[in-house]
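Below is one structure, written out as structure tokens; comments come after it.
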Amino acid sequence: MAFIATDTGGNSSFKRVPPGVYIGRCYNLVDLGTQFTDGQYGPKSQHKIKLGWELFGEDENGQPLTMDINGIQLPMTVSKTYTVSLHEKAKLRLDLAAWRGKDFTEEEAKAFDVSKLVGAYCMVNVTHSETNGKTFTNIAGLTPIPGALKNSKPEPVHKNVMFDLDNPDMNVFNTFHEKLQEAIKKSPEWAKAMGTKPVGGSGFDDMSDAPF
């Protein structure tokens, strides 16, 4: 898909990022393919991507915002799923405009390469919400890095990861958790890439607080 967005018209045992505003670095971009949903406005098929950020800072107790991964302390991560669209009301456009500090021009909105976001820093506003007794971690907003921090950004820790269904890297795919793999496998783009028949159904739901 080349990651071009255009203007076309929880797990209880998982350690959660505490609410707050943190320095974040986008390190993860995953093509989910076309996902089918059946919400209050009827069935929809939309091309989705997932963006992930590693976070730098401390929790409310002054402890580093890290978690143990195979005996190594790594920055905690958050992610958000978007429809690949730069329509004026699309969440991707609204979040990126806030991140940039300005909206897209008509020319920019015609085709923006989302892969440019990987490696870029911003401030990430993390909040919690509760639905049906479950707590979810949300990215409430993205804003530019303050000028005072631009020359002292934390060094990258997580490796940059990009997965494109136009040219799927199975080594990358095999590192994804099962839930993410199953969602991708239900997309027609996966079937085309693998030379198989589409599985059908919907593999998509809210995976915002699941680790990659």
Side-chain angles (χ1 to χ4, degrees), residues 1-5 10-11 14-33 35 46-57 64-70 72-85 90-96 98-100 112-129 136-145 153-165 168-184 187 203-212:
M1 62 170 283
F3 298 118
I4 301 298
N11 183 348
F14 177 63
K15 182 179 178 182
R16 298 188 181 282
V17 176
V21 180
Y22 308 102
I23 296 176
R25 186 184 75 89
C26 183
Y27 78 101
N28 199 306
L29 170 57
V30 178
D31 181 4
L32 299 175
Q35 297 291 326
Q46 297 173 313
H47 202 148
K48 301 282 186 176
I49 58 172
K50 179 178 284 292
L51 291 173
W53 290 262
E54 59 177 343
L55 303 178
F56 303 92
L65 204 67
T66 60
M67 64 185 305
D68 186 287
I69 304 293
N70 297 324
I72 301 174
Q73 292 296 316
L74 296 175
M76 298 184 72
T77 63
V78 290
S79 62
K80 188 171 182 176
T81 302
Y82 296 94
T83 299
V84 186
S85 171
K91 291 182 179 179
L92 179 62
R93 178 165 180 168
L94 295 175
D95 276 3
L96 294 187
W99 183 347
R100 286 156 47 102
F112 176 74
D113 186 352
V114 184
S115 67
K116 293 180 179 179
L117 300 174
V118 177
Y121 289 78
C122 63
M123 303 302 295
V124 182
N125 184 6
V126 177
T127 61
H128 287 178
S129 62
F136 295 90
T137 303
N138 310 299
I139 295 177
L142 306 172
T143 53
I145 289 283
K153 297 188 291 289
E155 290 294 321
V157 178
H158 288 275
K159 292 182 178 179
N160 290 342
V161 174
M162 286 194 285
F163 179 77
D164 187 347
L165 278 170
D169 185 331
M170 294 307 296
N171 290 326
V172 172
F173 180 81
N174 290 334
T175 67
F176 297 155
H177 59 82
E178 184 178 357
K179 190 176 182 182
L180 182 55
Q181 289 185 1
E182 289 302 315
I184 294 172
S187 71
F204 175 76
D205 60 13
D206 186 358
M207 297 176 288
S208 296
D209 57 359
F212 285 101

Please find the pair of heavy atoms, one from [X] and one from [Y], that lie closest to each other, and give the distance.
X	Y	result
Asp31	Leu165	OD2-N, 3.0 Å
Leu92	Val84	CD2-CA, 4.5 Å
Ala140	Thr127	CB-CG2, 3.6 Å
Ser187	Gly33	CB-CA, 3.9 Å
Ala90	Ser85	CB-O, 3.4 Å
Ala183	Gln35	O-NE2, 3.1 Å

Report summary line: The side-chain contact (heavy atoms from CB on, under 4.5 Å) partners of Pro156 (sequence neighbours excluded) come to Arg25, Glu54, Tyr121

Requested in this report: List in chain and number order the residues that pass side-chain contact (heavy atoms from CB on, under 4.5 Å) with Leu142, two or more places apart in sequence or in another chain; answer none if no residue qualifies.
Outcome: Trp53, Tyr82, Asp95, Trp99, Cys122, Val124, Ile139

Do [X] and [Y] come within less than 4.5 Å of each other through their side chains, counting heavy atoms only?
X	Y	answer
Leu117	Phe112	yes
Pro64	Gln73	no
Leu55	Val78	yes
Leu32	Thr81	yes
Met123	Ile23	yes
Leu180	Ile184	yes

Hey, could you give me the [atom1]/[atom2] distance between [X] and [Y], rounded to the nearest 0.5 Å?
X	Y	atom1	atom2	answer
Leu74	Leu65	CG	CG	12.0 Å
Tyr27	Leu51	OH	CG	11.0 Å
Met76	Ile69	CE	CD1	9.0 Å
Asp169	Met162	CG	CE	11.0 Å

Requested in this report: Mark yes or no for whether His158, through its side chain, and Pro75, through its backbone, hold a donor-acceptor pair below 3.5 Å.
Outcome: yes

**Report entry** More than 12 heavy atoms of other groups within 6.0 Å of Lys153 NZ
**Finding:** yes

Query raised in the report: Can you check side chain to side chain contact (heavy atoms under 4.5 Å, CB included) on Val172 and Val161, steps first, answer last?
Result: CA-CA 8 Å; Val172 172; Val161 174; 3.6 Å; yes

